[in-house]
Amino acid sequence: MSKPKPKIKKEVVLMPKQDPKERIHNFNEVALGYTEEQVVAEAERCLQCAKAPCVEGCPVEVDIPAFVQLVRDGKFAEAMRKVKEKNSLPAICGRVCPQEAQCQANCTMGKVGDPISIGRLERFLADWEREHGYEIPQKSASTGGRVAIVGAGPAGLTAAADLVKLGHEVVAFEALHKPGGVLIYGIPEFRLPKKIVEAEAEYVSKLGVTMKMNAMIGKLYTVDELLERFDAVFIGTGAGLPRFMRIPGENLCGIYSANEFLIRVNLMKAYDFPRFDTPVIVGEKVAVIGGGNTAMDSTRCALRLGAKEVKIVYRRSRQEMPTRAEEVENAEEEGVVFEFLTNPTRFIGNERGWVKAMECIRMRLGEPDASGRRRPIPIEGSEFTTDVDTVIMAIGRTPNPIVQQTTDGLEATKWGTVVVDEDGRTSIEGVYAGGDIVTGQATVISAMGAGKKAAKAIHQYITKKRTLAGS
Amino acid sequence: MYKIVTKRELASHTNLFEFSSKEVAAKTKPGQFVILRVHEEGERIPLTVAGVNIEKGTITVVCHEVGKSTRKLGSLKEGDSILDLLGPLGKPAEIEKFGTVLCVGGGVMVAPLHFQAEAFHNAGNRVVGVVGARTEGHLIFEDEMREVCDEFYVATDDGTKGYKGLNFLEEFLKERKIDRAIVTGPLVTMKTVSELTRPHGIRTIVNLIPIMVDGMGMCGACRVTVGGRTMFACVDGPDFDGHQVDFEELMTRMKMFTPQEKLAYVFHEEGGRRP
């Protein structure tokens, strides 16, 4: 006789969140995480598919069914170990990965009900480990190889962690005063607490990576100089240059790039001014231009800093927004207003040089463009003016150019991204690259995937180089 | 941590610091700047470098206390350390043999001007130096400048020493052939001198350090309109053609955070109580 089939629970276990009315007055984390009971209940919904379609959706190939099974059995330490075989930054990925477009998009349960909340399980494990103390894995025997990592963001930290575990000596050079890249300067506290980024970076240090802050490669040392001291160099400098629209009035006071606004708020902690010295000014009527995650982050920071009315002004429609679903939902709950199919055409200043209004034009959608999304086309004569006193331009970021400009022979595209092969090799022997510097602005996890791939290739390159030198 | 090897008071609330950093000293050229952060809650402060000592492994900056952050820096003593020192940033000044180079500096920016004037002198130029300040007591780096200049003038806003104001340059420029002008100082000084050189077609380079946060091209706070195009002072500059810079816009942008700076200053003076 076969055992009776357990009843499948179609509904996801909800994760507790801070009430929107309360949370718009603080910078504490919005999502509060599962309890032990909740995490086990959610893990129990997993069907343990033999083919594991979820793993195919994961850029760093975490063995998802195996770790979910361990969570179900309450073996949290073992489950964490399983995740960390592939992912050195799980507390971050559990919070900022677009799981609905990756692992969870492929989940079999998703066909009959809600997909398993893989990200929340991962987040629980990482938080559990942070509270219970990190387990530092045994390092492999030293290979004698030396690798320089340029930029301690998601790609760089991942490559660094993988390479140090393989027995290489790794030094990570970071231009800012703290490691983490976009995780520390871009993503706000209420979505990714900085103590978590600091703890994950600390974990990478504990693995044996030397972190060198205030070191801007291209200025302090060139890549060529690094190659004199290291066997290989990994470039993970990201896409950190803000885009502006180049329309009249854009340099009026009160108009920030999203980068400036978020760097002030996150890295420099302007939300705690004047205890922290760096200020940020947010007026009553804020317009955020753009429809991505950065735009969402900017609106939600502006609300928390006291803005009365925060509007997203996006030239396409809701369907085209390249945003993590949960963040749009959170922003709407918090009262952010969406003005779709609208684009600014100029900014109007007052007598003191501050922005006081914005002229916009309505758009309609035409044929799909290179991004596959329908191209917005201005509707002639539809211009209108609206009052604003703060504008945040969140229309995208371009690659940091300094390394490309200062490295002879490093092939780059006309968009400024570094050209690599499928293993992350650049046009210079021993120099690898990955993350936004290669792809242009993308996600944290795709950068981590690229860091991982390059680490594998760098390991092979150094092993081969050492063997040849020894023979 | 970066140690203060030397601290010297040059004028009231104006100090010279030598910070220890072998690697930054080895790479810094005249015209470039550094960003420093005194303590964990501190701002990132951009300062143009006033000199390097490669053997000692130090860089020199001069800082006038204008707000909370610079006041904190000013309160440090020799032997103390600051948390962060990032550099060199920005493009180096173009140092070549141009012929006669007029170097005009005002206030604390006379110190980084000296770094450039010395380099122009060593490159074989005839260097004409003009240093200015509000009043005699605020003049700095006079002797150092005199040493690297073939001709040397002093000007003060109130006439307590040398010429009264910079208007004497109007006559001076009519009589003399100048191949290049370098101006460092308050925006109003850079604007005034750029206007004086414009009719003579003298290429005039100004060194701009607007409000900035990261200093590496990421925030765009330091954007400045040059020849009708928006540039980032931190990566496209800090040196720009003074005849092309929109000084009015820059002056407005420099005042953006003035009320907050005052608030922070008061907060600091009151011993950190929330106002």
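A note on names: the letters A, B, ... follow the listed sequences, proteins ahead of strands, and every chain is numbered from 1.
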Which pair of heavy atoms, one from B/Gly42 and one from A/Thr278, lies closest together, and at what distance? O-OG1, 4.4 Å
Any carboxylate oxygen within less than 4.0 angstrom of a Lys/Arg side-chain nitrogen, looking at B/Lys27 and A/Glu225? yes
Validation row: B/Phe257, A/Ile281 side chains within 4.5 angstrom (heavy atoms): yes
Measuring heavy-atom distances to chain A, does B/Arg229 have an atom under 4.5 Å in its side chain, in its backbone, in both, or in neither? neither
To the nearest 0.5 Å, how far apart are CG in B/Asp214 and CE in A/Met216? 8.0 Å
Using heavy-atom distances under 4.5 Å, tell me whether A/Ile402 contacts chain B through its side chain, its backbone, both, or neither. side chain
Specify the closest pair of heavy atoms between A/Ser257 and B/Cys219, including all atoms of both residues, with the distance to one decimal. OG-O, 2.6 Å
The reported gap from CZ in A/Arg246 to OG1 in B/Thr230 (rounded to nearest 0.5 angstrom) is 6.0 Å
Salt bridge (Lys or Arg N to Asp or Glu O under 4.0 Å) between B/Glu40 and A/Lys178: does it pass, once the steps are laid out? CA-CA 11 Å; B/Glu40 191 52 41; A/Lys178 280 189 176 152; 2.8 Å; yes
Residue pair B/Glu41 / A/Met268, side-chain heavy-atom distance below 4.5 Å: no
Chain B contact via A/Leu262 - side chain, backbone, both or neither, heavy atoms under 4.5 Å: neither
How many angstroms lie between CE in B/Met218 and CG in A/Leu176, if you round to the nearest 0.5 Å? 5.5 Å
Is it the case that the side chain of A/Asp277 and the backbone of B/Ser69 share a donor-acceptor pair, with hydrogens and angles ignored and the cut-off at 3.5 Å? no
Would the number of heavy atoms belonging to other residues, nucleotides or ligands and lying under 6.0 Å from NZ of B/Lys191 be above 12? no
Checking B/Thr252 side chain against A/Gly353 main chain: does a donor-acceptor pair fall under 3.5 Å? no
Between B/Lys68 and A/Pro274, what is the shortest heavy-atom contact and its length? NZ-O, 3.0 Å
Heavy-atom distances under 4.5 Å only: say whether B/Val213 touches chain A with side chain, backbone, both or neither. side chain
Determine whether B/Leu86 and A/Lys219 make a side-chain contact, defined as any pair of heavy atoms from C-beta on separated by less than 4.5 Å. no
Given a strict heavy-atom distance threshold of 4.5 Å, which part of B/Leu250 is in contact with chain A: side chain, backbone, both, or neither? neither
Turns out that what part of B/Glu249 lies under 4.5 Å from chain A's heavy atoms comes down to side chain
Do A/Lys212 and B/Glu23 pass the side-chain contact (heavy atoms from CB on, under 4.5 Å) test, and can you show the C-alpha distance, the side-chain angles, and the key distance before you say yes or no? CA-CA 12 Å; A/Lys212 200 166 155 32; B/Glu23 4 178 47; 2.6 Å; yes
Is it the case that more than 12 heavy atoms not belonging to B/Lys3 sit under 6.0 Å from its NZ atom? no
Would B/Glu43 and A/Arg264 pass as an ion pair if we require N to O under 4.0 Å? no
Contact origin within A/Arg397 toward chain B - heavy atom pairs under 4.5 Å: neither
Between the main-chain N or O of A/His177 and the side-chain N or O of B/Arg37, is there a donor-acceptor pair closer than 3.5 Å? no
Counting only heavy atoms not in B/Arg8, do more than 12 sit closer than 6.0 Å to its CZ atom? no
Hey, what do you get for CG (A/Asn214) to CG (B/Leu85), rounding to the nearest 0.5 Å? 7.0 Å
Heavy atoms, side chains only, cut-off 4.5 Å: are B/Leu263 and A/Phe273 in contact? yes
Options A/Tyr256, A/Phe244, A/Trp354, ranked by heavy-atom pairs under 4.5 Å with chain B, top entry: A/Phe244
B/Arg223 side chain to A/Glu250 backbone, donor-acceptor under 3.5 Å: yes
So for A/Phe261, is it side chain, backbone, both, or neither that comes closer than 4.5 Å to the heavy atoms of chain B? neither
